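Here the structure comes first, spelled out in structure tokens, and everything after it is commentary.
On a predicted model such as this, the values are computed, not experimentally measured, just so you know.
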Amino acid sequence: MSSIPRLPAESVPAWRHILSADLAAHAQHPAASFVQLATLDADGFPANRTLTFRCFGREGELVFTTDLRSQKCEQIAHQGKAEACWYFADARVQWRLRGRAVVAGPRARKHYALRERVWARLSESSRQRFVWPAPGQILAAASKAGAIPPTVPPASFGLLILSPQRAERLDLRAEPNRHLRWLAIRGDWAMTELNP
């Protein structure tokens with residue numbers, strides 16, 4: 001799923017190897033790249049939506065694309081916290097990844113090259129969405145017709161980057177009454193088994 005250089009094996013926490021294996025095992029299923037991401041709105045209510053996982057960042061972050069005009073960008077700017085939930089239906093495995101989220105737009109120099117690479121890999125139809133009206137606005141049929149996707153990232157195109165502080169995996173395939181659940185927390189990333 002990613003052609004971005006990977007971290008040296010010794011610096012990648014064990015949970016990342018397991019998540020990468022789960023992704024590889026489901027590479028033939030397009031839905032395996034869909035992740036639910038929850039943030040908090042200005043009133044403190046959870047706001048959840050489905051995003052497409054694009055790649056891992058250089059430091060192991062989860063990278064998604066986003067329209068910088070969307071509400072989730074405001075929520076992340078205000079709160080900076082998010083949780084992703086991934087479910088691999090065939091394997092009956094759930095991942096929950098909680099951490100700090102940032103949004104990187106055209107002025108984010110640290111993520112400039114990553115933003116360019118992700119844009120280059122998007123399909124034409126995905127690029128086209130960034131020249132439509134802002135998310136949540138009333139959509140007139142004419143506002144989508146004939147929009148030509150730009151060859152360079154427009155100002156509305158951004159990356160949503162989640163840096164996990166905690167990773168939790170629940171395996172529901174295990175023998176009856178013995179589901180497997182474990183948790184790893186940033187620091188030493190030691191994997192601790194939990195009661196499911």
Notebook entry, point to check: Under a 4.5 Å cut-off applied to non-hydrogen side-chain atoms, are P153 and Y112 in contact?
Noted result: no
Next item on the list: Could you give me the CA-CA distance, side-chain angles and deciding distance for T52 and T65, then say whether side-chain contact (heavy atoms from CB on, under 4.5 Å) is met?
Entry: CA-CA 7 Å; T52 303; T65 57; 5.9 Å; no
Margin query: Rounded at 0.5 Å granularity, tell me how far CG in L122 sits from CD in Q128.
Written below: 12.5 Å
Note to self: Using the rule that Ile, Leu, Val, Met, Phe, Trp and Tyr join whenever any side-chain heavy atoms are under 4.5 Å apart, tell me whether F157 and V102 fall into a single cluster.
What the structure shows: yes
Next item on the list: Show your working on ring pair (Phe, Tyr, Trp, His ring centres under 6.0 Å) between W189 and W182 and close with a plain yes or no.
Entry: CA-CA 11 Å; W189 285 120; W182 54 256; 9.8 Å; no
Item checked: Heavy-atom pair of closest approach, residues V63 and G57 -> CG2-N, 3.7 Å
Checklist line | Verdict with supporting geometry, V103 and T66, side-chain contact (heavy atoms from CB on, under 4.5 Å) | finding: CA-CA 8 Å; V103 175; T66 188; 4.2 Å; yes
Next item on the list: Check whether any side-chain N or O of R49 sits under 3.5 Å from a backbone N or O of Q36 as a donor-acceptor pair, and report yes or no.
Entry: no
Note to self: So, taking the atom named CG in N195 and the one named NE2 in H179, what distance separates them when rounded to the nearest 0.5 Å?
What the structure shows: 11.0 Å
Notebook entry, point to check: Taking it one step at a time, do S163 and R186 satisfy side chain to side chain donor-acceptor pair (under 3.5 Å)?
Noted result: CA-CA 10 Å; S163 299; R186 188 178 188 101; 5.9 Å; no
Margin query: Measuring only between side-chain heavy atoms, which start at C-beta, is P196 closer than 4.5 Å to L170?
Written below: yes
Check: Closest heavy-atom contact between S156 and R69?
Finding: CB-NE, 3.6 Å
Next item on the list: Side-chain contact test, heavy atoms from C-beta onward, threshold under 4.5 Å: evaluate it for F88 versus D171 and give yes or no.
Entry: no
Margin query: On a heavy-atom basis, which atom in A184 and which in M191 lie closest, and how many Å separate them?
Written below: CB-CG, 4.1 Å
Check: Any side-chain heavy atom of L19 sitting closer than 4.5 Å to one from L97?
Finding: yes
Notebook entry, point to check: Nearest 0.5 Å, what's the CZ-CD distance between R169 and Q94?
Noted result: 11.0 Å
Next item on the list: Identify the two heavy atoms, one from G99 and one from Q165, that lie closest to each other, and give their separation to 0.1 Å.
Entry: CA-CG, 3.6 Å
Notebook entry, point to check: Is the shortest side-chain N to carboxylate O distance from R166 to E168 below 4.0 Å?
Noted result: yes
Notebook entry, point to check: How many angstroms lie between atom CG of L160 and atom CD of E61, to the nearest 0.5 angstrom?
Noted result: 11.5 Å
Next item on the list: Could you please spell out the steps behind the side-chain contact (heavy atoms from CB on, under 4.5 Å) verdict for L162 and R100?
Entry: CA-CA 6 Å; L162 177 65; R100 295 307 225 170; over 6 Å; no
Item checked: W95 with L183, same ILVMFWY side-chain cluster at under 4.5 Å -> no
Margin query: Do L40 and I76 land in one hydrophobic cluster if side-chain heavy atoms of ILVMFWY residues count as linked below 4.5 Å?
Written below: no
Next item on the list: Report yes if some heavy atom in the side chain of T50 is under 4.5 Å from a heavy atom in the side chain of V35; otherwise report no.
Entry: no
Check: Are L159 and V118 close enough that some pair of their side-chain heavy atoms sits under 4.5 Å apart?
Finding: yes
Note to self: Testing H29, H26, R173 one by one against D90 for a side chain to side chain donor-acceptor pair (under 3.5 Å), which residue passes?
What the structure shows: H29
Note to self: Would you say L51 ends up clustered with F53 if hydrophobic residues are merged whenever their side chains have heavy atoms under 4.5 Å apart, either directly or through other cluster members?
What the structure shows: yes
Item checked: Point-to-point distance, once rounded to the nearest 0.5 Å, from CH2 of W15 to OG of S20 -> 8.5 Å
Notebook entry, point to check: Does a salt bridge link K72 with D67, judged by any charged N lying under 4.0 Å from a carboxylate O?
Noted result: no
Next item on the list: Can you establish whether the number of heavy atoms outside Q28 located under 6.0 Å from its atom CD is more than 12?
Entry: yes
Next item on the list: Before accepting this row, confirm whether a basic side-chain N of the pair E193/R181 lies closer than 4.0 Å to the acidic partner's carboxylate O.
Entry: no
Note to self: What I want to check is whether the side chains of S33 and R54 have a donor and an acceptor closer together than 3.5 Å.
What the structure shows: no
Checklist line | Rounded distance [0.5 Å steps], SG in C55 versus CZ in R121 | finding: 5.0 Å
Notebook entry, point to check: Does a side-chain heavy-atom distance below 4.5 Å link F56 with L23?
Noted result: yes
Next item on the list: Flag the pair Q79 / D41 as yes when at least one side-chain heavy-atom distance between them is below 4.5 Å, and no otherwise.
Entry: no
Note to self: Hydrophobic clusters here meaning ILVMFWY residues chained together by side-chain heavy-atom distances under 4.5 Å, can you tell me if L194 and L180 are in one?
What the structure shows: no
Check: For the residue pair A101 and A82, what are the closest heavy atoms and their distance?
Finding: CB-CB, 4.0 Å
